[in-house]
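Some notes on the structure that comes next.
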Amino acid sequence: MSRDWVTFDCYGTLADWLGGMRGALERHVGADEAERLLHAYHDLEAEVEAQRPAPAYREVLTETLRRAAERERIALPPGAERTLVEHWPELPIFDDVGPALGALRDAGWSLAILSNCDDDLLASTLERMPVPFDLTVTAEQVGSYKPDPGHWRAFAERTDGDRGRWVHAAQSWFHDIVTAAELGLPSVWVDRLGSGEDPARATVRIEDLRGLPDAVERASAPA
């Protein structure tokens, strides 16, 4: 029998990368400066990722932070531009992940991650996940970064002939939800940040993972 799949973005959806990155930055600068660096980082990351050939994600983390500090005129201590890489294994997992993913598994869904990350950085996060995943696709493997559709294409190829229903769940409207809509893929938008983006691009919108199992069933239902 074909397997039903839910694919996930990891960081922002399952792992609290904003909280973890903020904590890493506050080791070197004050809370206000860390917040400014975070905002600048997210403004600049896609620009660094767009380079060809695509750089490794640990290089993206380092170079984007360097540019963010330069833009904000915040002096980082020597070597501190690598702090996001060094503290990546400490990114916390959201409390609602275990119950939600466990319920999906109990309902028969297979689970995969499509991540803008290096294999080893993702592995450091997966070690702390409360539920195992059946398949992972990373930027390192496909040579591109979302919102480019390379992750989805790779997943489709790897599960061809062994795939029934497929729903994508993610927090990032820019990296995930827009591309899923363009691919005609049902999606659950986990809008943890209340971003204000267009909810019509997603099949179902929720604010955290507590309603995920029901949202996945609704998203996968025939139109």
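One-based numbering along the sequence shown.
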Under the rule for side-chain contact (heavy atoms from CB on, under 4.5 Å), what residues qualify as partners of D118, not counting sequence neighbours?
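With sequence neighbours excluded, D118 shows a side-chain contact (heavy atoms from CB on, under 4.5 Å) to A56, Y57, R58, D120, L121, E140, given in chain and number order.
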Taking only residues two or more places apart in sequence, or in another chain, which ones meet P78 in a side-chain contact (heavy atoms from CB on, under 4.5 Å)?
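Checked P78 against side-chain contact (heavy atoms from CB on, under 4.5 Å); zero matches.
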Do [X] and [Y] make a side-chain contact, defined as non-hydrogen atoms from C-beta onward lying under 4.5 Å apart?
X	Y	answer
V60	N116	no
P130	I93	yes
R67	E47	yes
M129	C10	yes
V131	V97	no
W152	D176	yes
L65	L76	yes
T62	V85	yes

Between [atom1] of [X] and [atom2] of [Y], what distance do you get to the nearest 0.5 Å?
X	Y	atom1	atom2	answer
R165	W109	CZ	CH2	3.5 Å
C117	W88	SG	CH2	5.5 Å
I113	L135	CD1	CG	10.0 Å
R163	E157	CZ	CD	10.0 Å
E182	I177	CD	CD1	11.5 Å
S110	D4	OG	CG	7.5 Å

Under 3.5 Å, is there a donor-acceptor pair between the side chain of [X] and the main chain of [Y]?
X	Y	value
K146	T179	no
H151	V142	no
E26	G23	no
D96	A100	no
T138	Q141	yes
R192	I206	no
D134	L111	yes

Would one find more than 12 heavy atoms of other residues, nucleotides or ligands at under 6.0 Å from atom [atom1] of [X]?
X	atom1	result
D95	CG	no
R73	CZ	no
R82	CZ	no
R128	CZ	yes

Taking all non-hydrogen atoms of both residues, which atom of [X] and which atom of [Y] are closest, and how far apart?
X	Y	result
V29	A75	CG1-O, 4.3 Å
G150	D148	N-OD1, 2.9 Å
L38	L18	CD1-O, 4.0 Å
S187	A202	OG-CA, 3.4 Å
E59	P55	OE1-CB, 3.5 Å
A169	L212	CB-CD1, 4.3 Å

Quick check: is [Y] connected to [X] through a chain of hydrophobic side chains (ILVMFWY, heavy atoms under 4.5 Å apart)?
X	Y	answer
V6	V204	yes
L183	L114	yes
L185	V216	no
L193	W17	yes

Checking side-chain polar atoms at under 3.5 Å, does E90 have a donor or acceptor matched by the opposite partner on H87?
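Indeed, the side chains of E90 and H87 share at least one donor-acceptor pair under 3.5 Å.
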Between Q171 and D9, does any side-chain donor sit less than 3.5 Å from a side-chain acceptor?
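No, no side-chain donor-acceptor contact under 3.5 Å.
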If you apply the rule side-chain contact (heavy atoms from CB on, under 4.5 Å), what do you find for L37 with I74, and how did you get there?
CA-CA 8 Å; L37 283 173; I74 294 174; 3.8 Å; yes
Checking side-chain contact (heavy atoms from CB on, under 4.5 Å) for the pair L101/F8: CA distance, chi angles, key distance, verdict?
CA-CA 11 Å; L101 298 191; F8 290 89; 3.4 Å; yes
Taking side chain to side chain donor-acceptor pair (under 3.5 Å) as the definition, give me every residue that meets it alongside [X], ordered by chain and number, with sequence neighbours left out.
X	value
T136	none
E207	none
T203	none

Decide side-chain contact (heavy atoms from CB on, under 4.5 Å) for F94 and L14; before the verdict, give the C-alpha distance in whole Å, the side-chain angles of both, and the deciding distance to 0.1 Å.
CA-CA 6 Å; F94 286 113; L14 306 175; 5.7 Å; no
Kindly confirm or rule out a cation-pi arrangement of R36 over Y41, judged by NZ or CZ under 6.0 Å from the six-membered ring centre and within 45° of its axis?
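Here R36 fails the 6.0 Å and 45° test against Y41.
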Could you walk me through whether E197 and D191 satisfy the side-chain contact (heavy atoms from CB on, under 4.5 Å) test, starting with their C-alpha distance in whole Å, then the side-chain angles of each, then the deciding distance to 0.1 Å, before giving a yes or no?
CA-CA 9 Å; E197 300 289 359; D191 188 18; over 6 Å; no
Between W189 and H168 (judged by ring centroids, cut-off 6.0 Å), do the two rings come close enough to count as a pair?
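So the answer is no for these two rings.
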Those residues that, when tested against F155, pass ring pair (Phe, Tyr, Trp, His ring centres under 6.0 Å) (two or more places apart)
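F155 satisfies ring pair (Phe, Tyr, Trp, His ring centres under 6.0 Å) with W5, W166 only.
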Going through the distances and angles, do T125 and Y11 end up as a side chain to side chain donor-acceptor pair (under 3.5 Å)?
CA-CA 9 Å; T125 303; Y11 300 103; 2.7 Å; yes
